[in-house]
Number of protein chains: 2
Amino acid sequence: MTTPNKVTDLFNQSVDDSDLSAKQKSVLQASLTLFSEKGFDRTSTSDIAKLANVSEGTVYKQFKTKEGLLHAILTPAIQQVVPKIANDFLTELLQNNNTDFKDFLKWLAQDRMTFAVENQAQLRILIQEIARSDGMFKRLGDTFMGKIAVHANTLFQKYQDNGQLIQWPMPRIARYIASAIMGYILPVILRNDHNLDIAQSSEEVAEFLYRGLKP
Amino acid sequence: MTTPNKVTDLFNQSVDDSDLSAKQKSVLQASLTLFSEKGFDRTSTSDIAKLANVSEGTVYKQFKTKEGLLHAILTPAIQQVVPKIANDFLTELLQNNNTDFKDFLKWLAQDRMTFAVENQAQLRILIQEIARSDGMFKRLGDTFMGKIAVHANTLFQKYQDNGQLIQWPMPRIARYIASAIMGYILPVILRNDHNLDIAQSSEEVAEFLYRGLKP
DNA sequence: TTATGATTAGTGAGTGCTCACTTACTAATT
DNA sequence: AATTAGTAAGTGAGCACTCACTAATCATAA
């Protein structure tokens, strides 16, 4: 439970799964780099073509529009940011052994921190989109409510019945867990910092959260 | 201590302090609205002129460039996001009465939540900028280290000596306080939500933080 | 007060440039 | 032979910004 699970690198995973040509892959890679470094709106398609060493027409052969390129990058990110966590909760639920709540917190933190460090560029682009359109945040929130809420609720209930978790409403508990972990992840993404000590950080945050959330 | 202090509305404050004409003020107001709704890059100067009911030349009479407009909006925001907190800490320090740590947490949360709700548009634009250039986040971080760290350190030390605060390093404590409060503020800003129950939320977050941070 | 000159505020039709996207073409693959 | 991938020179639209001009404001002297 405390060992890190396999958190996949989104780019390599979704690129390998698709049957894109080498040139198209380098278009995606160049877009990922430039979007995260300069922002979507300040990246031109000719910039992308130059960095990818292809002609500008090639950029449009596969991804019909510039937005389509953004979509190709963000869709796998969005689909993993939220639903992957749902799976984590389920896995934890299905193992009926009574895992320590603190261990679960540490494992969750570890898992999401690993994901964040391995997908910094995508997450930065996602944050840019969230800040621009209030629709994106609501969409993520809805996905969370739809896919995670039920599992999280059940799991938290178990810990509450165990006497390991305070009797607060589930959204309140979720908010503190999410924001504390975000407190480690966001600075890393926003500073382009590549030196997050995940073992140390997840231990720390689990300790704090457990103190704040035990009955 | 638990009563909210006066948190000023940035736009009205900085606009009234300046000697801008009515038209220039409406240019600023229109920019604020459009930048926060559509993002800086997707707002054209002709959009701004239209919403402000002025000619496009007027936009450029006072604020020489579009960037200058962004600057005029963000500078007061940046100067209040961080340094205002420094002042709060100082105020708290100078009242040498032994205020309860939990009361301080509640007051701090209340203060920043009020600020955030009253300056949603500016903060949303600031978040957009933070997400785009990693320089902005570092700049805020440096301002924090320069203006707040010392005061916060002294204050936390006092609470630690009081036996009200756990003996953790100051950055760790600051991180949890900041992220927990952010957990309430960010959703409000990113969803354009205008219904944050500040009294309830600040009480809640102070309760959680105190549980997690008491020795 | 009022006429005068000067400074500033505001206008809106340009202007040149960048950019997303197209298209007519060639090269490669099957 | 036919379909697909890749090319590179367009193209038109939109944009930030300018400029020649007019309207308003204001200081000062008759």
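Here is how names work: the chains are called A, B, and so on, in the same order as the sequence lines, proteins then strands, and each is numbered from 1.
Remark: B/Thr75 engages B/His71, B/Gln79 in a side-chain contact (heavy atoms from CB on, under 4.5 Å) (not counting sequence neighbours). Residues that satisfy the salt bridge (charged side-chain N to carboxylate O under 4.0 Å, His left out) test with A/Glu56, not counting sequence neighbours, are absent from this structure.
Within the structure, every pair that satisfies the side-chain hydrogen bond (donor to acceptor under 3.5 Å, both in side chains) test and touches residues 133-152 of chain A, not counting sequence neighbours, is listed here: A/Asp134-B/Asn192. The list of salt bridge (Lys or Arg N to Asp or Glu O under 4.0 Å) pairs with a residue in residues 28-39 of chain B, not counting sequence neighbours, reads B/Lys38-B/Asp47.
Contact check, B/Ser55 against C/dT11: a side-chain N or O comes under 4.0 Å of OP1 or OP2. One finds a side-chain N or O of B/Thr58 lying less than 4.0 angstrom from the OP1 or OP2 phosphate oxygen of C/dT11.
Across all strands, A/Val59 comes closer than 4.0 Å to no nucleic acid atom at all (heavy-atom distances).
Computed from coordinates, the B/Gln62 CD to D/dT18 P distance equals 15 Å when rounded to whole Å. Rounded to an integer number of Å, the gap from B/Phe63 CZ to C/dA9 P is 12 Å. Rounded to whole angstrom, the span from the CD atom of A/Gln24 across to the C1' atom of D/dT7 amounts to 13 Å.
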Go through it in stages, so that I can follow the logic: the residues are B/Lys106 and B/Glu203, the test is salt bridge (charged side-chain N to carboxylate O under 4.0 Å, His left out), and I'd like the CA-CA distance, side-chain angles, deciding distance and then a yes or no.
CA-CA 6 Å; B/Lys106 184 181 177 183; B/Glu203 173 63 37; 3.1 Å; yes

What string of B, S and - do you get for nucleotides 13-30 of chain C, 5' to 3', when a contact is any protein heavy atom under 4.0 Å?
------SBBB--------

Side-chain polar contacts of residues 175-187 of chain A - donor-acceptor pairs under 3.5 angstrom, sequence neighbours left out - could you list them?
residue	atom	partner	partner atom	Å
A/Arg175	NE	B/Gly183	O	3.1
A/Tyr176	OH	A/Arg172	NE	3.0
A/Tyr176	OH	B/Tyr184	OH	2.6
A/Tyr176	OH	B/Glu204	O	3.4
A/Ser179	OG	A/Arg175	O	2.9
A/Ser179	OG	A/Tyr176	O	3.3
A/Tyr184	OH	A/Glu204	OE1	2.6
A/Tyr184	OH	B/Tyr176	OH	2.7

